[in-house]
Amino acid sequence: MRKIGALEAGGTKMVLAIYQEDGTELERITLPTETPEVTMPKMIKFFREHNIDALGVGTFGPVDLNPESPTYGYITSTPKLAWKNYPLLEKLLDGQDIPAGIDTDVNAAIIAEAELGAARGCQNAVYVTIGTGIGGGVYSNGKTVHGLLHPEVGHALLKPHPDDPNPRGVCPYHESCMEGLAAGPAIGARVQGDAKDLPDDHPTFAIEAYYLAQMCVNLIMTLSPERIILGGGVMQRQSLIKQVREETLRLLNGYIQHPAILEHIDEYIVTPDLFPVSGLVGSYLIGKKALEGRG
Ligand code: ADP
Ligand code: ZN
């Protein structure tokens, strides 16, 4: 059976795996994300050793996803300066002429969740990770959305909570954006501690739920998804999703009259089935589509 290499490239770690075409995982390794000079040779060696027939990549970004572009598959303007303008896909292939595909890490995650996980059967869905940063993958009519570049859901602007002691947020680029207000480090800055050490009933989670609910409302209003999946480290706090659902209903205020929202919000805003490997499984699926010529 043919073999597919999968890479989930993250800002702190790289997860690489080899899959059989049927989805059986054969091997997996994790490497810290250092400079390309240090990390790339190890990744190239891993994929070379396994003689892969195709490669799928889900990566942090921003990344150039336009196959017509001379910088297709490049990491572009990332704050991780060593990787800025880096031809990730080309270097990974190391001259091998095999089918390959690349998408954002969160688009990879929504592909996996839509095909095999919590959004199975949906043609329109969104995956948002709330971790060190916030990123969203958008699946529309059965395909991920790229558009001009690719969506940057995490930097959409929000209205600050009236009780937020830090209403500007911590994003260096924007005042009151999603990531600046609601990612793990934003919670940490707000409480001067670590988000994961707080009790469930800490008042900061009401503020957090307000932000995540604003995000859900904005996604519902702009994209009309059939399901919203919330993943990432912050969503490891199991009490939070209930608060987000309640707050979303409150902010929607009955405007969207659909039973999926009004009667089944517990199945509408959900956590991922494949966490923490949604992005990796999605990368395999991207590689598989490339292999089958439907990239
Ligand atoms: P990354 O985005 O780097 O892949 P994660 O998705 O694991 O990392 O997210 C890490 C963030 O999640 C940290 O800011 C951490 O404080 C936060 N976090 C982890 N567990 C919890 C928890 N139980 N409650 C709230 N925040 C959490
Ligand atoms: Zn921002």
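If you read the sequence from its start, that first residue is 1, and numbering goes on from there. Numbering of ligands and ligand atoms starts at 1, following listing order. The structure displayed is predicted, hence computed values, not measured ones.
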Got the closest protein heavy atom to [atom], with its distance?
atom                    : result
atom 9 (O) of ligand 1  : G131 CA, 3.2 Å
atom 20 (N) of ligand 1 : G233 O, 3.2 Å
atom 1 (P) of ligand 1  : T132 OG1, 3.3 Å
atom 23 (N) of ligand 1 : R237 N, 3.7 Å

Subject >> Mutual orientation of the aromatic rings belonging to H50 and F46 [parallel < 30°, tilted 30-60°, perpendicular > 60°] >> reply: tilted
Subject >> Protein contact for atom 4 (O) of ligand 1 (heavy atom, distance under 4.0 Å) >> reply: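 Flag for atom 4 (O) of ligand 1 set to false, no protein heavy atom closer than 4.0 Å.
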Would you list the atom pairs, donor with acceptor, under 3.5 Å between side chains in residues 69-80 and any protein atom, with sequence neighbours excluded?
residue, atom, partner, partner atom, Å
S69, OG, D64, OD2, 2.5
S69, OG, T71, N, 3.0
S69, OG, T71, OG1, 3.2
T71, OG1, D64, OD2, 2.7
T76, OG1, P62, O, 3.2
T78, OG1, K80, N, 2.9
K80, NZ, G11, O, 2.9

**OP:** Answer whether the closest heavy-atom distance between the side chains of D53 and I4 falls below 4.5 Å.
**Re:** no
Original post:
Heavy-atom distance under 4.5 Å between the side chains of L223 and N124, does that happen here?
Top reply: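 A side-chain contact is absent here, since even the closest heavy-atom pair is not under 4.5 Å.
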Original post:
Considering residues at least two apart in sequence or located in another chain, which fulfil the ring pair (Phe, Tyr, Trp, His ring centres under 6.0 Å) criterion with H161?
Top reply: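 Result, ring pair (Phe, Tyr, Trp, His ring centres under 6.0 Å) vs H161: Y210.
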Subject >> Any donor-acceptor pair under 3.5 Å from Q20 side chain to R2 backbone >> reply: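 It does not hold such a pair.
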Subject >> Under 3.5 Å: donor-acceptor pair, side chain of W83, backbone of E34 >> reply: yes
**OP:** Decide, yes or no, whether a salt bridge links E246 with R250 under the criterion of side-chain N to carboxylate O below 4.0 Å.
**Re:**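 A salt bridge is absent here (no side-chain N lies under 4.0 Å from a carboxylate O).
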Original post:
Would you say the side chains of D103 and H146 form a donor-acceptor pair under 3.5 Å?
Top reply: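 Yes - a donor-acceptor pair under 3.5 Å links their side chains.
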**OP:** Find all atoms of ligand 1 within a distance of less than 4.0 Å from any non-hydrogen atom belonging to G184, and give their numbers and elements.
**Re:** 14 (O)
Subject >> Close-contact set for ligand 1 against G232 heavy atoms, below 4.0 Å >> reply: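 The atoms of ligand 1 under 4.0 Å from a heavy atom of G232 are 6 (O).
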**OP:** Please work out whether any backbone atom (N, CA, C, O) or any side-chain heavy atom from C-beta onward of D194 is under 4.0 Å from ligand 1, and answer side chain, backbone, both or neither.
**Re:**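 Side chain only; the backbone of D194 stays clear of ligand 1.
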Going by atom type alone, with no hydrogens or angles, which donor-acceptor pairs under 3.5 Å involve a side-chain atom of residues 273-288 and a protein atom two or more places apart or on another chain?
residue, atom, partner, partner atom, Å
D273, OD2, A118, N, 3.4
S278, OG, E113, OE2, 2.9
S283, OG, L7, O, 3.1
S283, OG, G58, N, 3.1
S283, OG, G279, O, 2.8
Y284, OH, E21, O, 2.9
Y284, OH, G23, N, 3.1

**OP:** Identify which protein N/O/S atoms are less than 2.8 Å from the Zn ion (ligand 2).
**Re:** H155 ND1, C171 SG, H174 ND1, C177 SG
